[in-house]
Amino acid sequence: QGYPVLAEPVAPPHEDIIYRTQAARAAAYAAESDPLFFQYQRGEVDRQAWLDKVQEIKDRFPKP
């Protein structure tokens, strides 16, 4: 009895990677940086806190 031959893993298409990155960034912006932006608008945090969070998200989910 032979074992089944497994195919080599296939990388997702470039468009799929871009879509996933954009979706991950959008979710992180909504959950993490948007609240800081609104706090910044109300004067509760400084502008740099919001900008640092935006950059952190970009670094976490870099564009391919």
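The analysis underlying the following values was restricted to heavy atoms, covering all of them including side chains, and did not include hydrogens, waters or symmetry mates. As the structure is a prediction and not an experimental result, all values here were calculated from the model.
Between W50 and F37, the ring planes lie tilted relative to each other; the angle falls in the 30° to 60° range.
For V54 against S33, the heavy-atom pair with the smallest separation is CG2-CB, 3.9 Å. Nearest approach of L36 to V45, heavy atoms of both residues: O-CG2, 3.6 Å. Smallest separation of non-hydrogen atoms from P35 and A30: CD-O, 3.6 Å. In plain terms, the two heavy atoms of D59 and P62 that are nearest each other are O-CD, 3.5 Å. Closest approach of P64 to I18, counting heavy atoms only: CG-CG1, 3.8 Å.
The hydrophobic clustering, which links ILVMFWY residues whose side-chain heavy atoms are closer than 4.5 Å, places Y40 and F38 together.
Applying salt bridge (charged side-chain N to carboxylate O under 4.0 Å, His left out) to E32 and the options K58, R60, R25 leaves one that passes, R60.
Considering only heavy atoms from C-beta on, Y29 comes within 4.5 Å of I57 through its side chain.
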